[in-house]
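In listed order, ligands and their atoms are each counted from 1. Small disclaimer: the values here were computed from a predicted structure and weren't measured.
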Amino acid sequence: MPSALTIQTLFEMKQKNEKIAELTAYDHPFAKIADEAGIHIILVGDSLGNVVQGEATTLGVTMDEMVYHTRIVANAAEKALVVADMPFMSYQTSTENAIANAGRFLKETRAAAVKLEGGASVSHIIHALTEVGIPVQAHIGLLPQSVHQMGGYRVQRDEDRLLADAKEVETAGAFSVVLEGIPAAISAKITESLNIPTIGIGAGPDCDGQVLVMHDLLGIRTGRLPKFVKQYANLRESAISGIQTYIKEVQDGSFPSETHSYQ
Ligand code: KIV
């Protein structure tokens, strides 16, 4: 069953100046929460590597892992458009591999689109995927899969290159483009110059939409968060406090009470 929100809806939203809210999810319960809250796009990000697997980078995430997580997320989404992130080396090696791997997401899960990282250098892959009917969300600027090539997670400031990458992915057929780690003024120029929606993460307020990692937004992740993250809830604190109360009640015998016991 296709989701209520399609890539055509996103074009219309850009035309109407209506902002698009995208959020990552990696499992069924959180995807259901995001969907019920009215999120437009759920991205099953390869940030799975950092957020769920506790790795330092996204490089080790596999296709099988992404297919599994995309399946359980997409089963929860009734309204949002579900986008599956193509992991490192699942599309860079050849267009044939890219089509086969992207095809898995649409055949084995209810995702309606894929995302992949890169600008001009991957435009031939974006073209090949869209030609066989697989919608692609592009991703330019700071590319986490190229962390070693970039020498770390650095803000990207080469305006000419970023504008050229954005144009290339649009021409290749991408239905939208994630702008990551780009100064606000450059993102504004890119957004102005494209017909497809731009979705920013650390790219300022003038993008057509924003994307965040669910665990950052909900305050589940620990450690130092990037400057662009805004924490809208503190689930970690309430989870710790709930579990501590449970431990205490088990130890002092107040749980289970009569209400939680069978007579
Ligand atoms: O993997 C991911 O979560 C992402 C976004 C945050 C854009 O690529």
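- Using cut-offs of 30° and 60° on the angle between ring planes, the pair Phe255 and Tyr246 is perpendicular.
- A side-chain donor from one of Thr9 and Thr6 sits under 3.5 Å from a side-chain acceptor of the other.
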Could you go through ligand 1 and list every pair where one of its N or O atoms sits under 3.5 Å from a protein N or O, giving the atom names and the distance to one decimal?
from, atom 1, to, atom 2, distance (Å)
ligand 1, 1 (O), Asp46, N, 3.2
ligand 1, 1 (O), Asp46, OD1, 3.0
ligand 1, 1 (O), Ser47, N, 3.0
ligand 1, 1 (O), Ser47, OG, 3.3
ligand 1, 1 (O), Asp85, OD2, 3.1
ligand 1, 3 (O), Ser47, OG, 2.5
ligand 1, 8 (O), Lys115, NZ, 3.0

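- Applying the 6.0 Å contact sphere to CD of Gln8 captures more than 12 heavy atoms from other residues, nucleotides or ligands.
- Asp252 meets the side-chain hydrogen bond (donor to acceptor under 3.5 Å, both in side chains) test with Lys248, Ser254; sequence neighbours excluded.
- Partners of Glu249 by salt bridge (Lys or Arg N to Asp or Glu O under 4.0 Å), not counting sequence neighbours: none found.
- The stretch residues 42-55 participates, sequence neighbours left out, in these side chain to side chain donor-acceptor pair (under 3.5 Å) pairs: Tyr26-Ser47, Asp46-Gln145, Gln53-Glu65.
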